[in-house]
There are 2 protein chains.
Amino acid sequence: MKSAISEATTQRLSLLLRGLKALEAEGLTTASSALLAERFSLNSAQIRKDLAHFGEFGVRGVGYRVADLRSKLQALMGLSTPRTVVIVGAGNLGLALADSRNFNNESFKVAALFDVDGRKIGSRSKTGVPIRAVSELPQALSAMGATIGALAVPPDAVREMALTLAAGGVKGLLNFAAAPLAPIPGVVVKNVDMALFLEGLTFQLASASS
Amino acid sequence: MKSAISEATTQRLSLLLRGLKALEAEGLTTASSALLAERFSLNSAQIRKDLAHFGEFGVRGVGYRVADLRSKLQALMGLSTPRTVVIVGAGNLGLALADSRNFNNESFKVAALFDVDGRKIGSRSKTGVPIRAVSELPQALSAMGATIGALAVPPDAVREMALTLAAGGVKGLLNFAAAPLAPIPGVVVKNVDMALFLEGLTFQLASASS
DNA sequence: CATTGTGAATCCGTTCACAGCG
DNA sequence: CGCTGTGAACGGATTCACAATG
């Protein structure tokens with residue numbers, strides 16, 4: 001069990017990885033922390049500190065080898081082998097996520113959607129992700145080897161579905177419902193509450209004008 | 001111009017407001033900070049500190065009047081009068097947001113979607129939100145009096161659309177693209193990067209098992 | 001007298017600044 | 001010589017603990 005890495009560091013490293021991919025595509029082979037900081041509007045010391053949690057990656061007097069750091073970061077963040085994702089709830093949001101680039105790339109692949117609505121079951125999302133019955137979840141999860149789940153269901157169904165996913169071996173959960181999901185042992189839970197984003201916006205607007 | 005309120009405080013107050021509504025529906029008229037803290041897994045002192053930024057709301061020896069605090073909070077966060085929202089990008093995500101409860105309630109109302117795809121223009125989302133041409137944005141914005149915009153467009157269109165919205169009087173922007181939107185003067189911007197949530201999850205999983 | 005509002009103490013992340021090194 | 005890696009300083013947010021008070 002590694003010492004905990006802060007949420008902020010995690011996000012910056014994700015951003016950094018994305019940026020490194022772009023630099024690599026541009027053909028840059030080497031980059032200093034100052035360059036990286038400038039490109040991604042961060043502080044150079046912060047980049048070095050973030051990386052220092054995991055070892056030494058740079059070359060003094062030179063900077064970082066872009067391709068090298070990119071692949072090491074990818075491995076560190078658990079993104080080098082693709083993960084199977086399942087989405088529970090085939091409403092508008094669930095369908096949007098299932099077809100989204102964010103959930104289907106080198107690192108993630110949506111294997112199936114699950115819903116309780118008999119009219120949806122058996123059909124597919126636009127890109128072809130099958131919609132199956134939630135009753136099939138327990139068997140399907142182990143068959144697919146899913147490790148990540150996304151919950152796009154009504155608030156009152158969240159906890160039950162989360163526990164079903166956890167029992168089926170899912171280790172990470174993204175909860176999109178407007179009801180925070182209490183911690184589940186052995187599972188990393190991240191609540192993504194859209195209402196909070198929107199209200200945060202109006203809050204700042206209200207504060208700024210008084 | 002009020003002194004800045006931290007992001008964390010903002011989120012907690014949103015959550016608190018939501019909780020107060022629930023308590024009010026349950027018929028509770030009074031609640032201590034300890035009770036609130038317990039219900040929403042927070043620290044009671046934190047709740048009091050958060051509220052202290054804005055004045056004194058409680059009654060010593062008693063606690064807080066639920067309905068009273070609820071309405072004061074609502075006003076403070078700029079949620080007492082409904083705001084008009086426009087969504088740019090009528091892809092899966094844009095459509096999902098347009099029909100979502102989070103964007104259509106007492107405080108927010110989606111007036112229209114905008115897209116560049118001629119085949120979509122003129123049609124409507126499932127709940128009836130009209131899809132219009134982005135070329136109409138400038139006129140439409142002032143006509144509708146929209147103050148909030150959501151960007152669900154490809155990364156390379158983000159900045160242009162953001163500037164168009166800003167020019168049309170939009171004061172708050174939610175950006176769902178996987179490319180952070182640099183600050184725009186006079187506009188509050190919130191980047192909501194789904195990829196970051198997903199990667200954050202795998203990162204924690206990778207860290208926990210080493 | 002129970003509970004708020006708040007100064008003081010603590011914790012944690014960020015920034016600075018420089019020693020160490022390729 | 002230039003840039004990394006890092007100990008030390010800083011600052012903001014959380015938590016503690018208690019005096020103030022309806």
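We name chains A, B, ... by the order of the sequence lines, and we start the count at 1 in each one. On a predicted model such as this, the values are computed, not experimentally measured, just so you know.
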**Prompt:** Which nucleotide in the set C:dG13, D:dT14, D:dA13 lies at the smallest distance from any side-chain heavy atom of A:S6?
**Reply:** C:dG13
**Asked** What about A:K49: does its side chain form a donor-acceptor pair under 3.5 Å with the base of C:dT15?
**Response** yes
**Message:** Please determine whether a side-chain nitrogen or oxygen atom of B:R48 lies at a distance below 4.0 Å from atom OP1 or OP2 of D:dT15.
**Reply:** no
**Request:** For the pair A:K126 and A:D99, find out whether any cationic side-chain nitrogen is under 4.0 Å from an anionic carboxylate oxygen.
**Result:** no
**Message:** By the 4.0 Å heavy-atom rule, please label A:A34 as base, sugar-phosphate, or nothing.
**Reply:** nothing
**Message:** As a test of reading the structure: which of D:dC16, C:dT3, C:dA17 is closest to the side chain of B:S32, going by heavy atoms?
**Reply:** C:dT3
**Request:** Select one nucleotide: of C:dT14, C:dG22, C:dG5, the one nearest the side-chain heavy atoms of A:R60.
**Result:** C:dG22
**Prompt:** Does the side chain of A:S33 get closer than 4.0 angstrom to OP1 or OP2 of D:dC3 through an N or O atom?
**Reply:** no
**Asked** Considering heavy-atom distances to DNA chain D, does B:R12 or A:G61 have its closest nucleotide positioned more toward the 5' end?
**Response** A:G61
**Asked** Under 6.0 Å between the ring centres of B:F203 and A:F54?
**Response** yes
**Message:** What's the separation between atom CZ in B:R18 and atom CD in A:E199, rounded to the nearest 0.5 Å?
**Reply:** 6.5 Å
**Request:** Report the nucleotide, chosen from D:dA20, C:dT6, C:dG22, that has the shortest atom-to-atom distance to any side-chain atom of A:V59.
**Result:** C:dG22
**Fill in**
Which of D:dT6, C:dG5, D:dT15 is nearest the side chain of B:Q46? It is D:dT15
**Message:** Output the rounded distance in Å from CD1 (B:I47) to C1' (C:dG5).
**Reply:** 14 Å
**Prompt:** So with a 6.0 Å cut-off around CZ of B:R159, is the heavy-atom count from everything else above 12?
**Reply:** yes
**Request:** Ignoring backbone atoms, establish whether A:Y64 has a side-chain N or O less than 4.0 Å from OP1 or OP2 of D:dG5.
**Result:** yes
**Complete:** Per atom distances to the B:A45 side chain, the nearest of C:dA17, D:dC16, C:dC21 is D:dC16
